[in-house]
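These figures come from a predicted structure and were not determined experimentally.
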Amino acid sequence: MNIINKKLIALSFAAASIMGIYAQEAATGYFMDNYNMKWQMNPAFGNRNGYVGFPGIGNINVGVNGNFSATDLVYPYQGKTVLFTNPNISAQEVLGNLKNVNRLSEEVGIGVLQVGFKAFGGYNNVAINVKQNSCFELPKSIFSLLKEGIGNKTYDIKDLHVKAAAYAEIALNHSREIKQVPGLRAGVSLKLLLPVTFAEANFNELALELGENNWKARANANMRIGLDGLRYDTKINDRTGNRYVSGFNTDDAKFGVNGFGFAFDLGAAYQWSDFTFSLALTDLGMLSFNSVQEASTNGTKSFETENHVIGIGDGGEAWDKLVDDLAPLYELHDNGNVGSTSLGLQGKLRAGVDYKFPLYDKLHFGLMNTTQFSSIAPSTEFRLSANVEPVKGVAASLSAAAGTYGANYGFLLSLGNKGFNFLIGMDYAAFKMDKNHIPLSTNVDFHMGINFPF
């Protein structure tokens with residue numbers, strides 16, 4: 001059983017090690033004046049000035065979100081930090097802190113080039129971005145198995161998934177006022193996507209029945225990686241003669257365009273009295289990756305034995321037999337290049353309302369809901385913000401959020417109007433450490449940008 005544990009961990013982290021991260025925008029700035037990049041959250045939003053982004057650092061967004069924290073996996077013990085598998089940490093404590101489904105997503109986006117300008121009867125943006133995204137889902141049952149080990153118990157581990165993608169994006173945006181409907185503004189963004197790599201690992205089934213008289217097990221797993229030139233390393237099991245995947249060979253890998261993709265954003269904003277209502281759907285599209293290498297158990301593999309008692313003095317024969325019987329459960333076969341595969345993007349729906357404070361028109365309050373569609377880590381969040389620009393070129397926003405990943409607060413500061421603008425902020429600023437310097441939350445992000453308005 002230790003072998004199964006090691007293989008599960010190795011396969012999960014092998015896929016996670018090449019994970020990308022998904023581009024996250026500064027949600028705190030959705031309603032803020034003097035934030036040039038908010039069109040990426042709602043393509044109907046325009047800017048009062050044109051701008052050029054500083055190449056490479058005009059728009060940087062990094063974020064990690066999860067519904068569990070590092071303190072659920074590592075614990076202080078006698079002045080040291082130990083993993084949850086340490087026998088001195090009780091299973092009751094560990095499993096009591098974890099969710100039935102434990103999710104984590106990592107996100108990053110880098111603006112290589114951004115330009116915004118007024119023309120064609122409205123406002124336009126052109127952007128070249130590099131985006132990465134990753135998310136994984138771990139059921140509590142796998143932690144139960146890793147923590148409790150062999151026992152007279154049934155473990156049903158299913159729907160354990162890891163997915164990741166990295167790609168470049170060329171975006172064209174146009175927004176304008178709709179003269180036929182006073183107060184209404186609409187916009188659309190069209191995106192050409194250039195895929196680079198993706199990875200996924202799926203444990204569709206891992207059922208273990210560890211009874212007193214016999215053991216039964218079933219496994220169905222697969223792993224796919226889309227990277228031109230990548231190959232799997234393989235080894236042969238000396239006892240069974242089966243060839244299985246043992247690692248990755250990247251000697252001939254090419255980190256270039258490996259497929260194609262497209263996406264579009266739709267948005268609208270309507271101003272009525274002191275209120276502005278807005279709605280947007282973003283990242284509606286897909287990516288198609290070429291040169292996909294697959295490793296799989298090739299269906300459900302099963303195992304049953306009554307010879308699970310490891311005898312003393314048998315020369316290890318019982319142990320060797322058990323290892324051989326278990327091999328089909330964790331040894332993935334190299335299926336080679338299976339062609340191309342398509343992935344849907346993690347689209348987002350945003351709905352917001354902005355209220356301009358009548359006694360001080362430079363202050364306004366906003367409420368926004370963001371729902372992210374994902375087959376692995378769907379989420380929703382409500383964010384309330386206060387936004388102020390006391391003088392042109394100095395704008396700030398403070399926000400408080402609550403949703404799938406708990407409660408938090410954020411800030412965004414924009415300095416500079418024409419000629420130079422610097423932006424910095426966080427949507428998840430409540431990043432605290434315990435006395436052993438272990439993060440108490442997996443929710444943290446960072447946003448920064450340098451632009452030259454004109």
Any chance NZ of Lys356 has more than 12 other-residue heavy atoms, nucleotides or ligands included, within less than 6.0 Å? no
With a 3.5 Å cut-off and no angle check, do the side chains of Arg185 and Ser175 form a donor-acceptor pair? yes
CG of Asn97 to CG of Leu73, rounded to nearest 0.5 Å, is 9.5 Å
Kindly say whether Val245 contributes a backbone atom to a donor-acceptor pair with the side chain of Asp233 at under 3.5 angstrom? no
Scan side-chain atoms only and decide if Thr371 and Thr380 contain a donor-acceptor pair under the 3.5 Å cut-off. yes
Under the side chain to side chain donor-acceptor pair (under 3.5 Å) test against Tyr30, which residue among Ser385, Ser399, Ser278 passes? Ser278
Test side chain to side chain contact (heavy atoms under 4.5 Å, CB included) on Gln114 and Asn129 and set out the steps. CA-CA 8 Å; Gln114 302 88 26; Asn129 303 309; 3.7 Å; yes
Closer than 4.0 angstrom, basic N to acidic O: yes or no for Lys362 and Glu389? no
Do we see a donor-acceptor contact under 3.5 Å between the side chains of Trp39 and Asn125? yes
Spacing of Arg224 atom CZ and Asn202 atom CG [to the nearest 0.5 Å]: 7.5 Å
Keeping the roles fixed (side chain from Asn42, backbone from Lys38), state whether a donor-acceptor pair exists under 3.5 Å. no
Between Ser105 and Asn133, do the side chains contain a donor N or O and an acceptor N or O under 3.5 Å apart? no
Specify the closest pair of heavy atoms between Ala351 and Leu279, including all atoms of both residues, with the distance to one decimal. CB-CD1, 3.8 Å
Point-to-point distance, once rounded to the nearest 0.5 Å, from OH of Tyr35 to CD of Glu25: 7.0 Å
Looking at Pro195 and Leu193, what are the two nearest heavy atoms and their distance? CD-O, 3.5 Å
Indicate whether the side chain of Thr404 and that of Ser379 have a donor and an acceptor atom separated by less than 3.5 Å. no
Would you call Leu349 and Phe373 a side-chain contact if the rule is heavy atoms closer than 4.5 Å? yes
If you draw the axis of the six-membered ring of Phe31, does the NZ or CZ of Arg350 fall within 45° of it and under 6.0 Å from the ring centre? no
Least distance between heavy atoms, Ala165 atom then Phe289 atom: CB-CZ, 4.2 Å
Does any donor atom in the side chain of Asn59 or Gln40 lie under 3.5 Å from an acceptor atom in the other side chain? yes
Under a 3.5 Å threshold, yes or no: a donor from one side chain and an acceptor from the other, between Asn220 and Glu205? no
Have Ser340 and Asn290 got a donor and an acceptor in their side chains that come within less than 3.5 Å? no
So, for Ser90 and Lys147, which heavy atoms are closest and what is the spacing to 0.1 Å? C-CE, 3.9 Å
Decide yes or no for Thr282 and Met41: does some side-chain heavy atom of the first lie under 4.5 Å from some side-chain heavy atom of the second? no
Donor-acceptor pair, distance only, cut-off 3.5 Å: does the side chain of Asn34 make one with the backbone of Val394? no
Judged by atom type as modelled, is there a donor-acceptor pair below 3.5 Å linking the side chain of Lys99 to the main-chain atoms of Asn67? yes
Check the angle between the aromatic planes of Phe452 and Phe54 and answer parallel, tilted or perpendicular using the 30° and 60° thresholds. tilted
Decide whether Arg218 and Thr300 meet the rule of one side-chain donor and one side-chain acceptor closer than 3.5 Å. no
Does any non-hydrogen side-chain atom of Leu367 lie less than 4.5 Å from one of Tyr355? no
Apply side chain to side chain contact (heavy atoms under 4.5 Å, CB included) to residues Asp427 and Asn408 and explain how you reach the verdict. CA-CA 8 Å; Asp427 287 331; Asn408 216 302; over 6 Å; no
Can a donor-acceptor pair be found, under 3.5 Å and without considering hydrogens, that links the side chain of Ser141 to the backbone of Asp156? yes
Does a side-chain heavy-atom distance below 4.5 Å link Leu345 with Tyr167? yes
State, yes or no, whether a side-chain contact exists between Leu192 and Phe260 at a heavy-atom distance under 4.5 Å. no
A quick test of your reading: do over 12 heavy atoms of other residues, nucleotides or ligands sit less than 6.0 Å from CZ of Phe454? yes
Quick one: does any side-chain atom of Asp72 pair with a main-chain N or O of Val94 as donor and acceptor, under 3.5 Å? no
Taking Asn173 for the side chain and Pro43 for the main chain, is one N or O donor matched with an acceptor at less than 3.5 Å? yes
Any side-chain to backbone donor/acceptor pair from Ser397 onto Thr28? Under 3.5 Å, distance only. yes
Quick one: pull up CG in Leu227 and CG in Asp252 and give me the separation to the nearest 0.5 Å. 11.0 Å
Can you check side chain to side chain contact (heavy atoms under 4.5 Å, CB included) on Asn387 and Asp33, steps first, answer last? CA-CA 8 Å; Asn387 311 271; Asp33 295 328; over 6 Å; no
Main-chain N/O of Asn88 paired to Asn86 side chain as donor or acceptor, under 3.5 Å: yes
Any side-chain donor-acceptor pair under 3.5 Å between Ser296 and Asn222? no
Measuring only between side-chain heavy atoms, which start at C-beta, is Phe422 closer than 4.5 Å to Met448? yes
Is there a side chain to side chain contact (heavy atoms under 4.5 Å, CB included) between Leu332 and Thr297? Walk through the geometry before answering. CA-CA 5 Å; Leu332 301 182; Thr297 57; 3.6 Å; yes
Side-chain donor-acceptor pairs of residues 262-275 under 3.5 Å, sequence neighbours excluded:
from, atom 1, to, atom 2, distance (Å)
Asp265, OD1, Lys191, NZ, 3.2
Asp265, OD1, Asp283, N, 2.7
Asp265, OD2, Lys191, NZ, 2.9

Quick one: are Leu423 and Ser414 in side-chain contact, heavy atoms under 4.5 Å? yes
Find out whether Lys118 and Tyr123 are in side-chain contact, i.e. whether some heavy atom of one side chain is under 4.5 Å from a heavy atom of the other. yes
Could you grab the distance from atom CD1 of Ile450 to atom CD1 of Ile57, nearest 0.5 Å is fine? 4.0 Å
For Pro453 and Asn49 the tightest heavy-atom approach is CB-CB, 4.4 Å
Atom CD of Glu200 and atom OG1 of Thr341: how far apart are they, to the nearest 0.5 Å? 6.5 Å
Would you check if the side chain of Asn421 reaches a backbone N or O of Asn451 as a donor-acceptor pair within less than 3.5 Å? no
Between Arg383 and Gly410, which heavy-atom pair has the shortest distance, and what is it? NH1-N, 4.2 Å
